[in-house]
Peer 1: 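This is the structure I want to talk about, given as C-alpha coordinates.
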Amino acid sequence: MLHIVTICGCGMGSSVILKMNAEKALKDLDIEARLEVSDITTGKGAARTADLVLIGRELAYLVQDIDKPIIQLTSFVNKQEIKDKLREYCEANGIKQKL
(Lines give C-alpha, C1' and ligand atoms only; values in the text may rest on other atoms or scores of the structure.)
Protein backbone atom coordinates (compact mmCIF):
# COMPACT_ATOMS: atom_id res chain seq x y z
CA MET A 1 0.00 0.00 0.00
CA LEU A 2 1.25 3.45 -0.92
CA HIS A 3 2.15 5.64 2.08
CA ILE A 4 1.84 9.40 1.53
CA VAL A 5 2.67 12.28 3.87
CA THR A 6 0.97 15.64 3.28
CA ILE A 7 2.91 18.57 4.71
CA CYS A 8 2.00 22.17 5.49
CA GLY A 9 3.47 24.82 7.75
CA CYS A 10 1.59 23.87 10.94
CA GLY A 11 0.19 20.42 10.10
CA MET A 12 -3.34 21.33 11.10
CA GLY A 13 -5.11 23.13 8.28
CA SER A 14 -3.98 22.93 4.71
CA SER A 15 -2.30 19.54 5.07
CA VAL A 16 -5.64 18.14 6.25
CA ILE A 17 -7.39 19.68 3.24
CA LEU A 18 -4.68 18.26 0.99
CA LYS A 19 -5.06 14.83 2.61
CA MET A 20 -8.82 14.84 2.00
CA ASN A 21 -8.42 15.95 -1.63
CA ALA A 22 -5.64 13.42 -2.24
CA GLU A 23 -7.82 10.65 -0.77
CA LYS A 24 -10.60 11.60 -3.21
CA ALA A 25 -8.16 11.65 -6.13
CA LEU A 26 -6.70 8.27 -5.18
CA LYS A 27 -10.20 6.82 -4.83
CA ASP A 28 -11.01 8.08 -8.34
CA LEU A 29 -7.77 6.50 -9.57
CA ASP A 30 -8.63 3.29 -7.67
CA ILE A 31 -5.25 3.38 -5.88
CA GLU A 32 -5.04 2.15 -2.30
CA ALA A 33 -2.99 4.40 -0.03
CA ARG A 34 -2.50 5.45 3.56
CA LEU A 35 -2.16 9.19 4.10
CA GLU A 36 -0.94 11.11 7.10
CA VAL A 37 -0.68 14.82 7.80
CA SER A 38 2.31 16.61 9.21
CA ASP A 39 3.83 19.99 9.86
CA ILE A 40 7.07 20.98 8.18
CA THR A 41 9.27 20.06 11.15
CA THR A 42 7.94 16.58 11.91
CA GLY A 43 7.22 15.99 8.22
CA LYS A 44 10.88 15.36 7.53
CA GLY A 45 10.84 12.50 10.04
CA ALA A 46 7.49 11.17 8.83
CA ALA A 47 8.79 11.16 5.27
CA ARG A 48 11.43 8.56 6.20
CA THR A 49 8.77 5.84 6.25
CA ALA A 50 6.66 7.28 3.43
CA ASP A 51 6.72 6.50 -0.27
CA LEU A 52 5.74 10.00 -1.33
CA VAL A 53 5.48 13.55 0.03
CA LEU A 54 2.82 16.08 -1.04
CA ILE A 55 3.62 19.72 -0.26
CA GLY A 56 2.86 23.22 -1.49
CA ARG A 57 5.32 24.75 -3.89
CA GLU A 58 6.02 27.63 -1.48
CA LEU A 59 7.37 25.25 1.20
CA ALA A 60 9.06 22.68 -1.02
CA TYR A 61 12.49 24.22 -0.57
CA LEU A 62 12.32 23.27 3.13
CA VAL A 63 12.14 19.55 2.35
CA GLN A 64 14.45 19.31 -0.64
CA ASP A 65 16.90 17.26 1.45
CA ILE A 66 14.31 14.46 1.96
CA ASP A 67 15.35 11.37 0.06
CA LYS A 68 11.81 10.61 -1.12
CA PRO A 69 9.79 11.66 -4.15
CA ILE A 70 8.14 15.02 -3.58
CA ILE A 71 5.11 16.32 -5.45
CA GLN A 72 4.92 20.10 -5.33
CA LEU A 73 1.43 21.53 -5.68
CA THR A 74 0.36 25.05 -6.57
CA SER A 75 -2.98 24.60 -4.81
CA PHE A 76 -4.22 22.22 -2.13
CA VAL A 77 -7.81 22.66 -3.31
CA ASN A 78 -7.24 22.10 -7.03
CA LYS A 79 -8.49 18.53 -7.18
CA GLN A 80 -7.57 18.11 -10.83
CA GLU A 81 -3.94 19.14 -10.25
CA ILE A 82 -3.69 16.71 -7.32
CA LYS A 83 -5.27 13.88 -9.33
CA ASP A 84 -3.09 14.52 -12.39
CA LYS A 85 0.14 14.60 -10.39
CA LEU A 86 -0.77 11.49 -8.40
CA ARG A 87 -1.70 9.65 -11.61
CA GLU A 88 1.62 10.66 -13.18
CA TYR A 89 3.54 9.47 -10.11
CA CYS A 90 1.69 6.14 -9.96
CA GLU A 91 2.14 5.45 -13.66
CA ALA A 92 5.85 6.34 -13.55
CA ASN A 93 6.40 4.05 -10.55
CA GLY A 94 4.34 1.07 -11.64
CA ILE A 95 1.70 1.51 -8.96
CA LYS A 96 -1.38 -0.35 -10.13
CA GLN A 97 -5.04 0.03 -9.40
CA LYS A 98 -6.36 -2.16 -6.64
CA LEU A 99 -8.20 -5.25 -7.80
Peer 1: Decide whether Thr74 and Glu81 meet the rule of one side-chain donor and one side-chain acceptor closer than 3.5 Å.
Peer 2: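 Result is yes, a qualifying pair exists.
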Peer 1: For a quick test of reading the model, state the closest non-hydrogen atom pair linking Thr42 to Ser38 and the distance between them.
Peer 2: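 Minimum heavy-atom separation between Thr42 and Ser38: OG1-OG, 2.9 Å.
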Peer 1: Just wondering, more than 12 heavy atoms not from Lys68 lying within 6.0 Å of its NZ?
Peer 2: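 Yes, because the 6.0 Å sphere around NZ of Lys68 holds more than 12 heavy atoms from other groups.
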Peer 1: Testing Asn78, Asp28, Asn21 one by one against Lys83 for a side-chain contact (heavy atoms from CB on, under 4.5 Å), which residue passes?
Peer 2: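 Exactly one pass, corresponding to Asp28.
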Peer 1: I need the Cys8 SG to Ile40 CD1 distance, nearest 0.5 Å.
Peer 2: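 Answer rounded to 0.5 Å: 8.5 Å.
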Peer 1: Taking all non-hydrogen atoms of both residues into account, name the closest pair between Gly43 and Ile66 and its distance.
Peer 2: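 Heavy atoms only, the tightest pair is O-CD1, 4.5 Å.
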Peer 1: Check this for me: does any side-chain nitrogen of one of Lys19 and Glu23 sit under 4.0 Å from a carboxylate oxygen of the other?
Peer 2: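 Looking at Glu23 together with Lys19, the answer is yes, because their closest N to O distance falls below 4.0 Å.
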Peer 1: Mind checking salt bridge (Lys or Arg N to Asp or Glu O under 4.0 Å) for Asp67 and listing every partner two or more places apart, or none if nothing turns up?
Peer 2: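 Checked Asp67 against salt bridge (Lys or Arg N to Asp or Glu O under 4.0 Å); zero matches.
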Peer 1: Without placing hydrogens or testing angles, list every side-chain donor-acceptor pair under 3.5 Å for residues 48-61, not counting sequence neighbours.
Peer 2:
from, atom 1, to, atom 2, distance (Å)
Thr49, OG1, Ala46, O, 3.3
Asp51, OD2, His3, N, 2.7

Peer 1: Which pair of non-hydrogen atoms, one from Val37 and one from Ser15, has the smallest distance, and what is that distance?
Peer 2: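 For Val37 and Ser15, the tightest heavy-atom pair comes out as CG1-O, 3.4 Å.
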Peer 1: How long is the gap from CG on Leu18 to OG on Ser75, to the nearest 0.5 Å?
Peer 2: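 Atom-to-atom, Leu18:CG and Ser75:OG are 9.5 Å apart.
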Peer 1: When you measure from the side chain of Lys85 to the backbone N and O of Gln72, does any donor-acceptor pair fall under 3.5 Å?
Peer 2: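 A pair under 3.5 Å: yes.
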Peer 1: Measure the CG-CD distance between Leu26 and Glu32 for me, rounded to the nearest 0.5 Å.
Peer 2: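 Reported value, rounded in 0.5 Å steps: 10.5 Å.
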Peer 1: Side chains of Ile71 and Glu88, heavy atoms from C-beta outward: is any pair under 4.5 Å?
Peer 2: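 Ile71 does not reach Glu88 side chain to side chain.
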Peer 1: Which atom names give the shortest non-hydrogen contact between Asn93 and Tyr89, and what distance separates them?
Peer 2: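 Of all heavy-atom pairs spanning Asn93 and Tyr89, the closest is ND2-O, 2.8 Å.
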Peer 1: Please tell me whether Leu73 and Ile70 are part of a single hydrophobic cluster in this structure, the criterion being side-chain heavy atoms less than 4.5 Å apart.
Peer 2: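 Not linked; separate clusters.
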Peer 1: Answer yes if Leu35 and Phe76 sit in the same cluster of Ile, Leu, Val, Met, Phe, Trp and Tyr residues linked by side chain heavy atoms under 4.5 Å apart, and no otherwise.
Peer 2: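 Yes, Leu35 connects to Phe76 through the hydrophobic network.
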Peer 1: Testing Ile95, Ile82, Ile31, Leu29 for side-chain contact (heavy atoms from CB on, under 4.5 Å) with Arg87, which one passes?
Peer 2: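 Single side-chain contact (heavy atoms from CB on, under 4.5 Å) partner of Arg87 among Ile95, Ile82, Ile31, Leu29: Leu29.
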Peer 1: State, to 0.1 Å, how close Asp39 and Gly9 come at their nearest heavy-atom pair, and which atoms those are.
Peer 2: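 Looking at all heavy atoms of both residues, the shortest contact is CB-O, 3.7 Å.
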